[in-house]
Amino acid sequence: MKPYLRDKIPAGFDEIPDTPSYEAGYLVTKNSGWRNVRPVIDTKKCIGCLNCYLYCPDGVIFRSNHKAAIDYDFCKGCGICKKICRIGAIKMEAEK
Ligand code: SF4
Ligand code: SF4
C-alpha cells in the first residue's frame, strides 16, 4: 500500500508519484465510464507546477517526463484541474 501522499506535501515536482497517488483496492474497478468530458494536458505548455496534482480530488494525476499526466481509467472529468491550471495547459474535450 502506498503512503497517504497528501500527509506530506511534495516540495518539488520530482517528489510526486509517477503513478496515480492512490492505489485501487480489490473491489475497485475502472470507474470513468460516465465521464462526458476529459481533461487534456498540453505538454508543451505544462511547467510541472504541481497545482493540478494537489487539487485533483481523485488523485489520478501523476508525473511523466516532468509534466503532469492523467490516469483516464479513474478521472471523473470534474474539471478542477483545468480551473486550477493558471497557464491554461489543460482543456476539457468531449468524450467520443
Ligand atoms: S497545473 Fe498546469 S502547468 Fe501545473 S502541472 Fe498541472 S497542467 Fe502542468
Ligand atoms: S478532471 Fe477532475 S478527476 Fe480528472 S484529472 Fe482533473 S481534477 Fe482529477
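Computed over heavy atoms, backbone and side chain alike; hydrogens, waters and symmetry mates excluded. Remember, it's 1-based here, ligands and their atoms both numbered in the order they're listed.
Considering CD1 of Ile90 and CG of Asn51, their distance stands at 9.5 Å, rounded to 0.5 Å.
Between Pro39 and Ile70, the shortest heavy-atom contact is CG-CD1, 3.5 Å.
From the protein, the heavy atom lying nearest to atom 4 (Fe) of ligand 2 is Cys75 SG, 2.3 Å. Among all protein heavy atoms, the one lying closest to atom 2 (Fe) of ligand 2 is Cys78 SG, 2.2 Å.
Between the side chain of Arg35 and the backbone N or O of Cys75 there is at least one donor-acceptor pair closer than 3.5 Å. With hydrogens and angles disregarded, a donor-acceptor distance shorter than 3.5 Å links the side chain of Asp42 to the backbone of Lys44. With hydrogens and angles ignored, the 3.5 Å screen pairs no side-chain donor or acceptor of Asn65 with any backbone N or O of Lys67.
Placement of Phe74 and Met92 in two distinct hydrophobic clusters is found when ILVMFWY residues are connected by side-chain heavy-atom separations under 4.5 Å, directly or transitively. Under a hydrophobic-cluster definition in which Ile, Leu, Val, Met, Phe, Trp and Tyr are linked whenever side-chain heavy atoms come within less than 4.5 Å, directly or via other members, Ile87 and Ile84 are assigned to different clusters.
Using 4.0 Å as the threshold, Pro57 has a heavy atom nearer than that to some atom of ligand 2.
Residue Gly48 approaches ligand 1 through these ligand atoms, each under 4.0 Å from one of its heavy atoms: 5 (S), 8 (Fe). The Leu50 neighbourhood of ligand 1 comprises atoms 5 (S), with distances under 4.0 Å to a heavy atom of that residue.
Listed by chain and number, Cys85 SG are the protein N/O/S atoms closer than 2.8 Å to atom 2 (Fe) of ligand 1, with waters left out.
Within a 6.0 Å sphere centred on NZ of Lys76, heavy atoms belonging to other residues, nucleotides or ligands number more than 12.
Pairs passing the side-chain hydrogen bond (donor to acceptor under 3.5 Å, both in side chains) check and including a residue from residues 84-93, sequence neighbours excluded, do not occur.
With a heavy-atom cut-off of 4.0 Å, Cys56 touches ligand 2 through backbone and side chain alike.
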